[in-house]
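Beneath this line is the structure, given in structure tokens, with notes to follow.
FYI, the numbering just counts along the sequence from 1. What you see is a predicted model; the values in this text were computed from it and never measured.
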Amino acid sequence: MTRVLVIGHGMVGARFLAELRARQVPDLDLGVLGEEPHRPYNRLLLADALTGAHGLADLTLPETPGVSVMSGRRATAINRADKVVTDDAGGDHPYDVLVLATGAAPRFPAVDGLVGPGDRPLPGVTALRTWDDALRVRSHLTDGSRVVVLGGGLLGVETARAIARGGTEVTVVHRQPQPLDRQLDPMSGAVLRAALADLGVTTRTGVRIAHVTRGPDHIQELRLSDGSTLPADLVVVAAGVRPRTRLALAADLWVHHGVLVDAVGATDDPHIFAIGDCAEPASGCQGLVGPGWEQARVLADELADRLGGVPARRETASVDTSVVRLKAEGLDVVTMGTLPADDLDPSGPRVVSLVDLAGRRRVRVAVRDGRITGATCVGDPQVAADLTVAFENRFPVPDDPAALLARPLSERASPASVADLPAHATICRCNAVSKDAIVRAIGDGAASLEAVAASTRATTGCGTCTGQVCALLEAGTPSAPARAAS
Ligand SMILES: Cc1cc2nc3c(=O)[nH]c(=O)nc-3n(C[C@H](O)[C@H](O)[C@H](O)COP(=O)(O)OP(=O)(O)OC[C@H]3O[C@@H](n4cnc5c(N)ncnc54)[C@H](O)[C@@H]3O)c2cc1C
């Protein structure tokens with residue numbers, strides 16, 4: 001009997017259990033310790049839960065049979081000499097193979113009044129990382145409440161938009177000069193700021209929280225670094241995450257930002273592996289579910305190889321992780337590749353752009369050697385879809401690249417057609433599923449979204465590919481030839 005123990009029953013730990021179970025390893029004793037009291041759920045959709053649009057049951061991930069699940073139990077120590085993990089209830093769990101999937105924890109800025117000893121958030125301050133965090137935020141969204149979201153990156157903007165949808169007054173406080181400063185140039189940031197304002201989200205940029213006035217169990221007011229004040233009942237912190245490595249550090253494993261691992265997830269201890277947000281492979285910590293799910297798949301194959309199972313090497317689509325899409329209703333923001341710091345630099349790529357503040361629209365595209373090397377699109381989902389397809393598939397651009405900035409009026413009703421994509425095009429980025437894999441699943445009898453998801457896993461991550469999968473289902477299948485974007 002081989003005892004495989006997983007610490008962390010989140011998105012990647014749960015996926016690893018499913019992947020390993022599917023490989024029919026003989027005499028396997030599979031167990032998982034999960035600190036959260038719930039079954040694993042889709043963390044990517046937590047912002048949607050703020051409005052009550054999703055209950056926990058809607059987000060819950062499928063269960064893997066034959067796994068001993070220990071929920072509400074936190075691993076507190078790894079004894080590498082005896083190969084035993086201890087939990088916070090005093091239980092001991094022997095292992096032959098240990099997989100760390102402890103994820104990442106939100107960073108809280110060390111501001112008096114926001115955090116207490118050990119940088120723990122004080123009442124009235126929370127992150128949005130867990131289902132319990134979502135419930136905490138939701139409980140504050142009452143009539144007249146005022147929420148401040150600290151951090152104007154992707155998670156901060158998505159969270160603020162979700163809060164505003166419920167009618168609550170929300171302000172984003174961001175240290176940088178504009179929201180999404182890592183993804184957007186200043187003009188795109190200005191357009192996004194205006195679009196956010198239309199949706200009830202105020203942005204205060206270039207400032208930080210200097211002082212917090214609070215009662216014993218609630219926040220009253222924030223003073224910002226420019227001297228202005230903001231009344232607030234709740235502060236939601238979206239200021240980044242750090243890999244959860246405490247257990248690994250205490251066990252003397254090699255840790256840099258995350259637990260250092262090789263290409264199959266092995267740490268410097270041959271019996272211990274790490275995957276997901278807690279792990280640091282050669283490519284670095286990405287904090288994205290797609291790479292974590294890929295690590296889970298690779299490790300399951302590796303262990304199946306070693307333990308006499310059936311490796312299930314599945315063809316995966318190539319995923320360019322530079323493509324970033326905001327998941328916020330009514331806000332279309334997509335960025336990809338790299339754009340130059342200076343659009344007028346003659347040694348850089350050719351850059352064409354459009355800015356339309358009144359139309360809440362901004363498109364900027366860099367082209368070199370007839371291909372898109374980077375693009376940003378705010379406020380035009382059809383153009384964003386076309387740019388993403390052309391970028392990911394390296395389609396040739398038109399002779400006049402300005403044609404990429406807006407769709408001709410005659411075409412505006414139909415977004416980039418999935419039928420036109422080549423077979424190898426990536427549809428589900430979280431699960432690296434190609435159009436071809438989906439078309440084959442439909443051909444094999446998957447007749448609904450649920451059936452395609454069960455067969456290929458497409459749509460089970462951030463869900464932004466759902467429209468394309470539906471279009472493939474409606475089309476009924478046949479694969480069209482590659483389209484040249486000229
Ligand atoms: C609101 C939100 C939106 C996001 N949107 C996107 C997105 O659009 N695209 C994208 O790619 N990524 C997104 N992410 C990031 C994505 O959720 C993570 O990359 C993914 O969840 C990583 O999976 P994981 O299993 O490594 O970590 P987690 O899902 O965090 O799971 C780790 C689990 O381990 C548990 N644990 C930790 N320590 C212990 C211990 N000692 N004992 C027992 N259990 C322990 C934790 O409680 C947790 O349940 C988003 C994250 C959030 C919060």
Just by distance, no angles: are the side chains of [X] and [Y] close enough, under 3.5 Å, to form a donor-acceptor pair?
{"X": "Thr460", "Y": "Asn431", "answer": "yes"}
{"X": "Thr205", "Y": "Arg193", "answer": "yes"}
{"X": "His54", "Y": "Asn42", "answer": "no"}
{"X": "Thr126", "Y": "Arg136", "answer": "yes"}
{"X": "Asp320", "Y": "Ser322", "answer": "yes"}
{"X": "Thr60", "Y": "Arg39", "answer": "no"}

Testing Arg242, Arg244, Arg129 one by one against Asp277 for a salt bridge (Lys or Arg N to Asp or Glu O under 4.0 Å), which residue passes?
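Testing each of Arg242, Arg244, Arg129 against Asp277, the sole residue satisfying salt bridge (Lys or Arg N to Asp or Glu O under 4.0 Å) is Arg129.
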State whether [X] and [Y] are salt-bridged, where the test is any N-O pair (Lys NZ or Arg NE/NH1/NH2 against Asp/Glu carboxylate O) under 4.0 Å.
{"X": "Arg3", "Y": "Asp29", "result": "no"}
{"X": "Arg74", "Y": "Asp87", "result": "no"}
{"X": "Arg15", "Y": "Glu294", "result": "no"}

Which heavy atom of [X] sits nearest a heavy atom of [Y], and at what distance?
{"X": "Asp301", "Y": "Ala312", "answer": "OD1-N, 2.8 Å"}
{"X": "Pro349", "Y": "Val367", "answer": "CB-O, 3.4 Å"}
{"X": "Glu158", "Y": "Arg325", "answer": "OE2-O, 4.3 Å"}

Residue list, side-chain contact (heavy atoms from CB on, under 4.5 Å) with Ser68, at least two apart or on another chain
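Residues passing side-chain contact (heavy atoms from CB on, under 4.5 Å) with Ser68: Met70.
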With distance as the sole test, does Ser353 use its side chain to make a donor-acceptor pair with the main-chain N or O of Arg364 at under 3.5 Å?
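Here the side-chain-to-backbone pair does not exist.
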